[in-house]
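Data block below; observations after.
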Amino acid sequence: MKKTFNIFRYIGWVAIVCSTLGSFLLFIVGATKTYAAFAVVFLGKIPHKSLAHLDTADIATSYLIKSLDTFLIAFVLFIFAHGVFTLFISNKKPANDDGTSVLAWIKTPNIGHLKNVLAEVIVIILFVKFLEIVLMNIDNLSWQILTLPIAILLLSLGLKFLNLAEGEE
């Protein structure tokens, strides 16, 4: 039975490959959105008629916020892929564990740590999305726009109470 579970863990490669490819795709999309911001400022291109009411700087800022959001999601996918690889595929400890390895900044000692990192980045992504919504609707704000920051606050409090990073120290 142990051998069956040991072989089954390699199904994680599907998640690793798909997350890595998705991360790569989102890095390209983020770069495209950054290019669109530069095109608005330096070439005067307005990508959508729905944005024509905004100033050029506001449109460029909107695209840069969108690219930031896209890059954050790309990093989440990358961290997830590395975490799944570390937890389920690679069962070796690095010989030189002095913190100078290439991926030392995303060490994944357990599944709780991976969930904590992913949850924190998701809260940040939601916050960036809120900033984007406020910027795009700056002239037409209503009380309904407060639902997103309230949700972000509740998610943050939930993470604090869950304390997923408790056993890390």
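Only this structure's heavy atoms are used, side chains among them; waters, hydrogens and symmetry mates stay out.
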Side-chain heavy atoms nearer than 4.5 Å, only ILVMFWY residues, links allowed to pass through others: does that put [X] and [Y] together?
X      : Y      : result
Trp13  : Leu77  : yes
Leu87  : Phe80  : yes
Leu64  : Val40  : no
Phe88  : Val76  : yes
Ile133 : Leu126 : yes

Subject >> Ile73 side chain near Ile125 side chain, heavy-atom distance below 4.5 Å >> reply: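 With C-beta onward as the side chain, the pair touches.
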Original post:
Is the shortest heavy-atom distance from the side chain of Val121 to the side chain of Phe75 under 4.5 Å?
Top reply: no
Original post:
What pairs with Ala57 under side chain to side chain contact (heavy atoms under 4.5 Å, CB included), at least two apart in sequence or on another chain?
Top reply: Asp55
Subject >> Partner residues of Ala36 under the side chain to side chain contact (heavy atoms under 4.5 Å, CB included) criterion, sequence neighbours left out >> reply: Tyr63
**OP:** Locate the shortest heavy-atom distance separating Thr56 from Val41; write the atom from each residue and the value.
**Re:** CG2-CA, 4.0 Å
Subject >> Heavy-atom closest pair, residues Gly30 and Ser67 >> reply: O-CB, 3.4 Å
Original post:
In Å, rounded to the nearest 0.5 Å, how long is the span from CG of Leu118 to CD1 of Ile122?
Top reply: 6.0 Å
Original post:
Does anything in residues 33-45 pair up under salt bridge (charged side-chain N to carboxylate O under 4.0 Å, His left out), and if so which pairs, sequence neighbours excluded?
Top reply: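 Listed by first then second residue: nothing to list.
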**OP:** Applying salt bridge (Lys or Arg N to Asp or Glu O under 4.0 Å), name anything that partners Lys129, two or more places apart in sequence or on another chain.
**Re:**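 Scan of Lys129 (salt bridge (Lys or Arg N to Asp or Glu O under 4.0 Å), adjacent residues dropped) gives Asp69, Glu132.
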Original post:
Who else is in Leu146's hydrophobic cluster (ILVMFWY, side-chain heavy atoms under 4.5 Å, direct or via others)?
Top reply: Ile150, Leu154
Under 3.5 Å, which donor-acceptor pairs do the side chains of residues 15-28 form with other protein atoms, sequence neighbours left out?
unit_1	atom_1	unit_2	atom_2	d
Ser19	OG	Ala15	O	2.8
Thr20	OG1	Ile16	O	2.7
Ser23	OG	Ala74	O	2.8

Subject >> Ile89 vs Val84, side chain to side chain contact (heavy atoms under 4.5 Å, CB included): CA-CA, chis, key distance, verdict >> reply: CA-CA 7 Å; Ile89 305 298; Val84 169; 5.5 Å; no
**OP:** Look at the side chain of Ser62 and the backbone N and O of Asp58, then say whether any donor-acceptor pair between them is shorter than 3.5 Å.
**Re:** no
Subject >> Phe127, CZ atom: more than 12 neighbouring heavy atoms under 6.0 Å >> reply: no
